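Every chain is numbered from 1 and lettered A, B, ... according to where its sequence line falls, protein lines coming before strand lines. This structure is a prediction, so every number in the text was calculated from the model and none was measured.
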Amino acid sequence: MRHTLSVWVEDEPGVLSRVAGLFSGRGFNIESLNVAPTLERGVSLMTIVTAGEEQIIEQIVKQLRKLVTVIKVVDMNHTDCVDREMVLIKVNAQDSYRAEILRIVDIFRCKVIDVSHAEMTLEATGDRGKISALISLLQRFGIKEIARTGSVAMRRSLQAET
Amino acid sequence: MRLKGARVLLECLMREEVETIFGFPGGAVIDIYNELPEYPFQHILARHEQGAVHAADGYARASGRVGVVLATSGPGATNTITGVATAYMDSTPLVVLTGQVPTQLIGNDAFQEVDMVGISRPCTKHNYLVKEVESLPKVIKEAFYLARSGRPGPVVVDLPKDVMNAEMEFYYPKHVRTRSYNPHIEPNSKQIKKAVEYICQAKRPLIFGGGGVVTSNSHEELTRLSRELQIPVTTSMMGLGAFPGNDPLWLGMLGMHGTYTANMAVNHADLLIAVGVRFDDRVTGKLDTFAPNAQIIHIDIDPTSIRKNVAVDVPIVSDCRLALQALLQELEEKVEASELARQYQSWREKVEEWSRTHPLTYTKSEDAVMPQQVVEKLDELTQGEAIITTEVGQNQMWAAQHYRFLHPRTWISSGGLGTMGYGFPAAIGAQVAYPDKLVIDVAGDGSIQMNIQELATAVCYNLPVKVVILNNTYLGMVRQWQDLFYNKNYCSTCLEYSPDFVKLAQAYGAEGYKVTRPGELDDVLRQALFSPNTAIVEVVVPQEENVYPMVPAGAPLNEMLLV
Ligand SMILES: Cc1ncc(C[n+]2csc(CCOP(=O)(O)OP(=O)(O)O)c2C)c(N)n1
Ligand SMILES: [Mg+2]
């Protein structure tokens, strides 16, 4: 099963290779990995999407926690969270396709961020399901290039009880 | 006090109460060596950096202290890697200091530059590249703390040459503050209660100790647990010495070359009390048939060890000693020990019967010295009081099987990595830690040649280490596998040519002895063991003797080859 792990790490040289090396060295898989600074100085947040049986995921979490530069690990699957990914898609857009592509842009609430006579570059944000659906819809026009950020995730705020 | 980096480093080592450094110099660490004579450290100059690391490792395992290594950049650093990986697999606390090219040259493929932090990352507990002299004290403080706390392990600190020459106002931090590393050492009391319930319900309990018992100095607690409740004990190879080998409750070692009794006991036990173990494949055999009837209590300080290989009923993440103390306390309050001992009576009888019917055996010979006999003789002559190190292969297994280890830290062997060439330098390190103890490396003719250069080190520092080579003219353990599983296709395992070990010893200034007949064994061993000098005893043993019992790799533990 797919798990999204939020991993807070010391922001220092080599921390990425420690985490990536742990995954490759132990044969764990990484579907996507995203790293960026947090509000706290010196702390970065890595969001890692991985897949495996429960026992493997448990090992991954424990092994991550064992790394000296890892501050905290949360398996977001065990929380109520929102997750999003951003994707840039460069798609064939001859005149005959344009209207249809723009309709999809509208439905998926994407943005057109670059356009030429033959191509269009779209920006979309959403959860995994939405992004996959978008990509599969655009496939028939011919996708030329794609760049994805990988997921980032966050716990939902507690809702006031009513 | 304004000091150069090199001095800052040595001041830090003083504050960590380091007494001994195992090292080998070079351009990148020459500045450190330049200051070294001003300090009271004992520096042991090895003849190869691998030897230096294994020596520091043997020193650490024998004494329980952190072993310290100093090596130069590039090839000096890469030469340490086998030693570092060996220490990592067996959780030995080391601080390995390596030189590095000046910071402004890093990344330029400078002379003798390697990315030591990159190379050592997967085989260290943690590692550091020190880029500014100001961070040096904090890094060294952390390095020692990490090496010895929690599950111990090696820490590499890479030291660029310019940092060793930069100056700073010296200070040494009192405390280590990391927001991330915080080993969990106290047992959860609910889990302890649960463990006691399991122990009370058990009919056929078995204690299974490992290297963690030795590391955490909890052998006394483990022994008390066993003796008070009369529960039989086995250990992994790494756990030898954690329970006295002459106790009637001792079943011998578990696993691939474990005793019949220990392997059968695991198979039949209804409760396994596993302490400081990680269920390595050499111990479990085929995983799904391991301890098929047992519920498992697993105590270990490393959460990743728990549920990595086997499912556990009562996981206890804790320092083994604290957990065992809590367990003993809870048992004392809750149960009548003698009653439980009675409850396990018929189980003990069953176990004793296995021991009676299937003891460790071998066939003695009139005219050949058997390797097992050599180890038994060592046991007899030293009364289990020597520190035994080993190389890797059959020699290691025979030493593990036939020497009766009475105390922790007297068995020093490369378990996890299985590093040939470990035993001799490790013996040197153990001897440095305990100059007055008898330290014996049980060696093979193959392994001993992997770090034979350390004879110079032993002789130079008057270390009376004894090396007993079981010479079967083979890479015996590999030959055994070829014999049993590869149709006796003895490809590249025969060591047709070896040096004359007696002359070799003498050439280095050590004593050399050779034994070829059973009648000579006692005399020669006595002479060598009680000599004040470094000595090699080469014992010619039959070429094709195998180690038994043997559980073939991946087979269930009860499917042992017995002879
Ligand atoms: C550095 C290293 N290389 C290779 C091996 C594989 N290996 C395991 S046991 C063994 C044979 C060792 O021969 P020897 O030292 O003569 O011991 P014996 O088994 O004959 O007692 C070998 C080659 C190893 N463990 N370590
Ligand atoms: Mg041999």
Side-chain angles (χ1 to χ4, degrees), chain A residues 1 3 5-30 33 35-48 50 52-75 77-78, chain B residues 85 88-89 91 103 106-107 115-132 135 138-139 142-143 145-147 149-158 176-184 278-279 287 300-312 315 317:
Chain A
M1 184 163 144
H3 283 244
L5 308 178
S6 289
V7 185
W8 285 266
V9 299
E10 301 282 354
D11 175 20
E12 54 181 53
V15 64
L16 180 61
S17 72
R18 287 182 203 280
V19 171
L22 169 69
F23 276 76
S24 63
R26 293 188 178 269
F28 302 144
N29 89 335
I30 299 185
L33 184 153
V35 202
T38 62
L39 284 180
E40 194 174 344
R41 269 191 66 187
V43 178
S44 295
L45 173 61
M46 287 188 183
T47 310
I48 302 173
T50 181
E53 290 172 14
E54 284 308 306
Q55 186 249 348
I56 297 288
I57 301 291
E58 179 183 326
Q59 262 301 307
I60 293 176
V61 169
K62 285 174 169 177
Q63 292 286 357
L64 281 168
R65 287 189 178 136
K66 197 167 146 180
L67 292 178
V68 172
T69 36
V70 167
I71 300 164
K72 187 168 122 179
V73 183
V74 175
D75 183 344
N77 287 38
H78 298 162
Chain B
Y88 183 64
M89 289 294 270
S91 311
T103 40
I106 289 178
D115 173 9
M116 186 55 177
V117 164
I119 290 175
S120 64
R121 186 193 48 71
C123 57
T124 48
K125 183 165 172 183
H126 195 53
N127 58 19
Y128 298 89
L129 169 63
V130 181
K131 286 203 175 138
E132 304 95 22
S135 60
K138 178 175 174 285
V139 166
E142 276 181 25
Y145 172 64
L146 290 174
S149 62
R151 178 176 175 177
V155 178
V156 162
V157 183
D158 205 26
V176 174
R177 254 180 296 151
T178 58
R179 46 185 157 190
S180 47
Y181 176 82
N182 197 358
H184 192 280
R278 60 185 175 89
F279 296 99
L287 260 183
D300 201 89
I301 194 155
D302 182 355
T304 68
S305 291
I306 291 175
R307 275 166 51 82
K308 182 168 66 178
N309 301 329
V310 301
V312 171
V317 177

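Only the backbone of Val70(A) has a heavy atom closer than 4.5 Å to any heavy atom of chain B. Of the atoms belonging to Pro122(B), not a single heavy atom falls under 4.5 Å from chain A. For a residue to count as touching a neighbouring chain, one of its non-hydrogen atoms must lie under 4.5 Å from one of that chain's; by this rule Leu22(A) touches chain B with the backbone only.
Annotation: maximal heavy-atom pairing with chain B below 4.5 Å, among Gly14(A), Gly25(A), Gly21(A), occurs at Gly21(A). When each of Val117(B), Leu129(B), Ile306(B), Leu146(B) is scored by its heavy-atom pairs under 4.5 Å with chain A, the top score falls to Ile306(B).
Shown here are the side-chain hydrogen bond (donor to acceptor under 3.5 Å, both in side chains) partners of Thr50(A), two or more places apart in sequence or in another chain: Asn29(A).
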Output all donor-acceptor pairs under 3.5 Å across chain A and chain B; consider backbone as well as side chains.
from, atom 1, to, atom 2, distance (Å)
Glu10(A), OE1, Arg179(B), NE, 3.3
Glu10(A), OE1, Arg179(B), NH2, 3.0
Glu10(A), OE2, Arg179(B), NE, 3.0
Ser17(A), O, Arg121(B), NE, 3.4
Arg18(A), NH1, Asn127(B), OD1, 3.0
Arg18(A), NH2, Asn127(B), O, 3.0
Arg18(A), NH2, Asn127(B), OD1, 2.9
Glu40(A), OE2, Arg179(B), NH1, 3.0
Gln55(A), NE2, Arg307(B), O, 2.9
Gln55(A), NE2, Lys308(B), O, 2.8
Glu58(A), OE1, Arg307(B), NE, 3.0
Glu58(A), OE1, Arg307(B), NH2, 2.5
Glu58(A), OE2, Arg307(B), NE, 3.0
Gln59(A), NE2, Thr304(B), O, 2.8
Lys62(A), NZ, Pro303(B), O, 2.9
Lys62(A), NZ, Ile306(B), O, 2.7
Lys66(A), NZ, Asp302(B), OD2, 2.6
Lys66(A), NZ, Thr304(B), OG1, 3.4
Val68(A), O, Ser180(B), OG, 2.4

